[in-house]
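Worth knowing before you read on, the calculation uses all heavy atoms, side chains too, and leaves out hydrogens, waters and symmetry mates.
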Amino acid sequence: MWTAGKVTEILFHGVLAALVLLGARDVFFQYEENRCSMTYMFDYPEYQRIKLPKKIFRRYPAYELYLYGEGISAEENRNLILTGIPILFLPGNAGSFKQVRSLGSIALRKAEDMDFKYHFDVFSVNFNEELVALYGGSLQKQTRFVHECIKIILKLYKGHEFAPRSVAVVGHSMGGLVARALVILKHFKPELINILITQATPHVAPVLPLDQYLADFYSTVNHNWIQKAQEIKNLTTLSVAGGFRDYQVRSGLAFLPSSSSQNCALSVVSSAVPRVWASTDHLSIVWCKELNLATVRAFFDLIDDNTKQITENPQRKNLVLNHHFLRYPGKLFEERLESLTELTGASIWINIKTSKWSYKGYNESDGKYFSFPLSSQRKSFTHIYCQNSMLDTNSWIFGCANSTSSKCLQAIDLSWNAELLPTVKIVTLKLQDYLSLTHIVLHVPVVNSIKFTLDCEFFNEVSRTVQLPVTHLFTFGFSSSKIILNSTGLIHIVQLQHFGQIYQAFNIFIESKCQIFKERKPSVYQLHIPWSHEDFLTLSEDHLTEISAKLHIAQPENDSTVPLLKMYSSSDCQYEVTVKTSFLQVLGQVIRFHGGTLPMYIISNILLAYRRQLRSLVSTGQCSDFVPALTKAAKPYKVEPIAYMIKFLLGLNWFKTLRSSEFDRVTVNNQGLCFPFVSLILFMFGTGIAYWGGVLLDSSIRLLSSLHLVLTRPSGLPSHNSLVTRLRFCVAVSMFFLSWTTCGALAIMMTYFHYIFKVVNFHSSLRSELSVCNPPMKNPEPKSDDSKNEGMNSCRSEDCSSKARNSSSTTMANDNIIDSFKMHVTVINLITWIVLLSCPSLIYWLKNIRYHIRLDPDPCRFVAVVLIVILGILMNTSTTKLKSSKLLKIAAYFPLLFAVAAVVFAPVYLYQMPYFVIIPLFLHSLCSIV
C-alpha cells in the first residue's frame, strides 16, 4: 500500500531530479542558434605526413606530424621545400589533426588573393585523439612531443632566405593548454613561439578533475605561467571562448590567468569578436568561418615586411589582435591610430548647424563632406554620436583643427575610434577629449547604386543614460523591473544595477514603439560587460525583442563598473525595457558552474544513508532499505553547517600559515559555492539523483535475479564459514596481477561486475529459499470438531515447542540474510560512482592498447588494489558478524565525516572521491572479520 507519505516522498525526489534535468536542459539546449557559417574547401584537402627522426618515432609511436595542403599547393609541398610562415595546429581532447583544414584552407585562399606575396605553411599534430581532458597522464608526453615538432618544423626552413626563428601556434581545447605547458619544459626556449591563439581552452582549471595528474598539470602550468611572466613577455597570447553555446567548456574557464607584469595576454568571447558576433559550440569554434576569417586576417597583418615572418614586436602584436578581436573600426589595420590628412578637392562641402542630422544617399557623381562646428555644441552637449550604414568605407569621420568654409586644412582621422556593429559603423566621441578640434567632418564617398544612411547627433550623456535595477534572484520571474525611455535618439544606455553574480540570469524584454509611416530600421542591442570581453549583440527588426542576460565571470571585488545595455536604433522610436529573473536560466547557471561537483554531493547523500543503516544495525540489530534510509538520513542540516564552518576557516587570513597550496585551491574554488543556498541546492539535487539512482539499482538487481531464477536453479544460500578459500584467493591474485600489468580501472570494473553477480546470485537464492520455507497456503478442507480434537491430542507439547524454536531461528536467519542483501545494495551504490569516475582511464587504455599494454601512469592502480581486498571481504560476509563487532559503533561515525568532506572539497578533490568511499568501506570490512 502506498501511503500519503510515500507518495509525497516520491514526488519530492522526483521534483528534485526534474530540476536537475531542467537546469541541464538550459545548459545544453536553451542557447542561441548556430550563426556560424561552414568553411568549405575548394580543392581536395591533403595531409602530408612529416617523417620524424627514429629516436622521436620510437619515443612517441602514437603521435604524428602533418602538413596541410590543397590541390596545387599540396603538390608543390611534396618535397618539403617550404618558403612560407609556419603555423602549428594542436587538436584538443579526442580531437583530430584534420580539424586544421578550416584554418589552412582560409589561409590558402587569402594568400591566393594576395598573389602569394605572403603565405602560411599550416602544420597539424596527430595526438591519436587521446582523451586528455579526462586522463591527464599523457599531457606531459604531448607537451614534449610538441616541443620536438617545433624544432623539426624550423629545421625544414634551415638555409632558406627569410627562414623563420619561431612558430605561431593555434590550439583547440586542451591543445591550447599543451601549448602553454611548453614553458614548464626545462630546455624550452620561449622565443620558439611568437604568438599563441587558443580556442575554447579551459585555462583556469580542468572541467572535471578526474585524476591527480590532470590537477597537478594545471597547477604547474598556471604557476609557471605567472612566475615566468618576464621570460615570456614577448609571447602574445589570445584566448577565444565559445560563449554559452559551448556546454563542454564554460567561457569563465577560458580566460587566461595573468599577473600585473603580464600585458600580452588577451581573452575574449566569440560573441564579442567583431564580424563574428556569434557564440560557438566546442567543435564549431574550429570550423566557424567568421572566426577563422578574423584569425587569418590577424595573421596576415602580423607579418613584418622586412623579415617576411610574423613580427617580434609585442606592441604591434597587441595592436593587431585588439584591432581584429576587440574593436574593429571597419578599416584596414594601420599602426598609426591617428593620421593627418588634407581634405581638399572638388568634393562638395556642406555645413551642418543642427544638433541632430540624417542623410540618405544613393549613387552620386562626386563625394561630399558634411562639417559640424563644435564651438556652439560644447556648451549644451558632452558627446557626438554618428552612425554610418556603409560598411565598405575605410576613413569616414575626421576632426578638423583648422578649417575654412570649403576645406579642412589639417584633419585627423578619427575612424579608429569607430566600432563595427552588425549593420552599422558607429562612433561616439567625448567632446572634452578633443578641445583642439573646431569641426567634425563626415566624408560621403562615391558609391555605386548602394543605398546608405548617415545619422549624427550631439547629446548629453546623462540624458541618454538611465539606471534599471535588476530583479532579485529569488523572485523567480514573478516580479519585474521596468523603465520607459521617453526621449528619442540614436543611442540609449541602460545601466543594469546590482547585476554582477554568476547565478543571476534574466530575460530582458525590449518593446519598441516607432512611427508606422516612417521606414523602420533594424535595431542593435549590445549587452556590454565592462570587466571582461564577453559582449553579446542582438539584431532585431521586431517590435518586441527578448535578450538573455547571464555572466561568464562574476564582477571582481575591486570593480565598481556596471553592465550596460546599449541600444542603437532610429530616432523616431521609443522603448520600454523590462527585466525579469529567469528561474530556468538560474538553474542552468548553477549546473554550468557546479555541475561537475554533483557526483560529490550524490556520494555525500549515499554516505548519509549508509551511516543510517550502520547505526540501525547498532541500535536495533536490523538494517533498513537504502531508499527509506536515504529519505530519513539525507538532511542538509547534518552536513551544510559543518561544511560552511570549515570553508569559513579555510578562508581566514590567519589560517594561511597552516594550509598548503592545495587548500588555497579549495578556497578559490569554493568562492562560488559560498553564495547563499548554492551548496544547499546542489545537496538537494544530489539527494534526488541518489534517490532515483537507488531505486533504479535495486530494481535492476531484482530484475536480474528474476532472470537468474528462470535460467538457473539456485543451489541454496551461500555459506560464510570460511572467508578465504582457494578459489577466492586465486580470483584476488588474478585481479591484482591484472591491475598491475594492464589497467587499474579494468580490475575495478571486473571486480565490480563480479560483486554484482554475487549479489544477484545471492538474491535469487534468497527468493528461492523464502519460497520453500513459506509455501503458498492451499484452501484446507473443513474438518469436524472430533477430528480437530483428535489432531490436538496427537500433538505433543515438546514437538510444538521444537517447531516454534525452529520457526523462530529460521525467521532470524532469514532476517540476517535480508539485512546482508540490503547492505550489499548500498555498497554497490557507492562502488558504482567509483567505477564511473574510473571509466576515462579505462577508455584511454583501451584506445592505446596497441601501443602500450600497461597504462602508465595509472591513477586507479592503488585504488584497485585496495578495492579488490575490501570487496573480496564484503561480498563473502554477512551482517551476522558485523553486528557482533566492537568496531561497528566507531565505523558508523566515519560516513558522516566523509559526507561533510565531500561537500567541502568537491570542487577540487573530485579525483580523490574514491578514497572518501573506500575508507568507510575499509572499516566496514574490518568489522566483518574482527
Side-chain angles (χ1 to χ4, degrees), residues 328-331 347-364 367-374 376-377 380-400 413-431 434 437 439-447 450-461 463-465 485-494 510 512-526 537-541 565-575:
Y328 183 75
K331 60 182 296 184
S347 300
I348 302 175
W349 289 79
I350 302 175
N351 292 320
I352 307 297
K353 297 182 180 181
T354 60
S355 61
K356 184 180 296 186
W357 171 85
S358 180
Y359 174 79
K360 293 183 180 181
Y362 291 91
N363 190 20
E364 296 285 345
K368 294 181 180 179
Y369 287 105
F370 295 92
S371 175
F372 295 83
L374 299 181
S376 60
Q377 304 294 348
S380 304
F381 306 106
T382 61
H383 291 73
I384 181 175
Y385 170 84
C386 289
Q387 189 179 102
N388 182 4
S389 66
M390 288 186 61
L391 301 182
D392 58 346
T393 58
N394 288 321
S395 298
W396 60 284
I397 184 168
F398 302 89
C400 288
D413 186 2
L414 299 178
S415 299
W416 280 105
N417 296 311
E419 186 174 358
L420 183 64
L421 294 179
T423 59
V424 294
K425 291 179 182 178
I426 61 143
V427 62
T428 304
L429 301 176
K430 187 177 181 180
L431 299 182
Y434 300 94
L437 299 182
H439 293 76
I440 296 294
V441 177
L442 296 182
H443 179 219
V444 179
V446 177
V447 294
I450 299 177
K451 178 181 178 181
F452 67 95
T453 59
L454 286 171
D455 294 286
C456 285
E457 65 173 348
F458 291 92
F459 68 96
N460 195 314
E461 186 180 24
S463 64
R464 294 295 173 83
T465 304
L485 306 177
N486 291 319
S487 62
T488 60
L490 299 174
I491 182 172
H492 295 86
I493 302 173
V494 180
I510 304 176
S512 60
K513 300 177 181 178
C514 303
Q515 299 181 21
I516 301 177
F517 61 90
K518 286 194 174 183
E519 183 180 359
R520 182 181 180 83
K521 297 196 305 183
S523 301
V524 180
Y525 307 117
Q526 180 183 14
L537 286 93
T538 301
L539 178 66
S540 176
E541 297 183 0
L565 175 63
K566 297 182 179 180
M567 305 165 59
Y568 308 96
S569 185
S570 304
S571 60
D572 61 326
C573 296
Q574 294 182 337
Y575 301 91

Would a 4.5 Å heavy-atom cut-off, applied to side chains only, mark Tyr575 and Ser523 as touching?
yes

If you round to the nearest 0.5 Å, how far is CH2 of Trp357 from CZ of Phe372?
5.0 Å

Which pair of non-hydrogen atoms, one from Ile397 and one from Asp413, has the smallest distance, and what is that distance?
O-OD1, 3.5 Å

If we only count heavy atoms from C-beta on, is the Leu442 to Ile352 side-chain gap below 4.5 Å?
no

How far apart are the closest heavy atoms of Ser389 and Val424, and which atoms are they?
CA-CG1, 4.3 Å

For Lys425 and Gly330, the nearest pair of non-hydrogen atoms, with its separation, is NZ-O, 3.2 Å

Side chain to side chain, Ser380 and Phe458, heavy atoms closer than 4.5 Å:
no

Quick check for you: to the nearest 0.5 Å, what is the distance between His443 atom NE2 and Phe370 atom CZ?
10.5 Å

Counting C-beta onward and ignoring hydrogens, is there a side-chain heavy-atom pair between Gln377 and Ile384 closer than 4.5 Å?
no

SB check Lys566 Glu419 (cutoff 4.0 Å):
no

Output for pair (Thr423 OG1, Leu539 CG), nearest 0.5 Å, gives 5.5 Å

Approximate separation, where rounding is to 0.5 Å, of Ile493 CD1 and Glu461 CD
5.5 Å

Heavy-atom pair of closest approach, residues Glu541 and Pro522
CG-CB, 3.6 Å

Over all heavy atoms of both residues, which pair between Gly399 and Ile440 is shortest? Give the atoms and the distance, please.
CA-CD1, 4.4 Å

Hey, what do you get for OH (Tyr369) to CH2 (Trp396), rounding to the nearest 0.5 Å?
14.5 Å

Considering all heavy atoms of both residues, which atom of Ser569 and which atom of Gln387 are nearest to each other, and what is their separation?
O-NE2, 4.3 Å

Roughly how far apart are Ile426 CD1 and Leu490 CG, rounded to 0.5 Å?
10.5 Å

Indicate yes or no: at least one non-hydrogen side-chain atom of Asn351 is less than 4.5 angstrom from one of Pro373.
no

Determine whether Tyr434 and Asn417 make a side-chain contact, defined as any pair of heavy atoms from C-beta on separated by less than 4.5 Å.
yes

Could you check whether the rings of Phe459 and Tyr385 sit parallel, tilted or perpendicular, using 30° and 60° as the cut-offs?
perpendicular

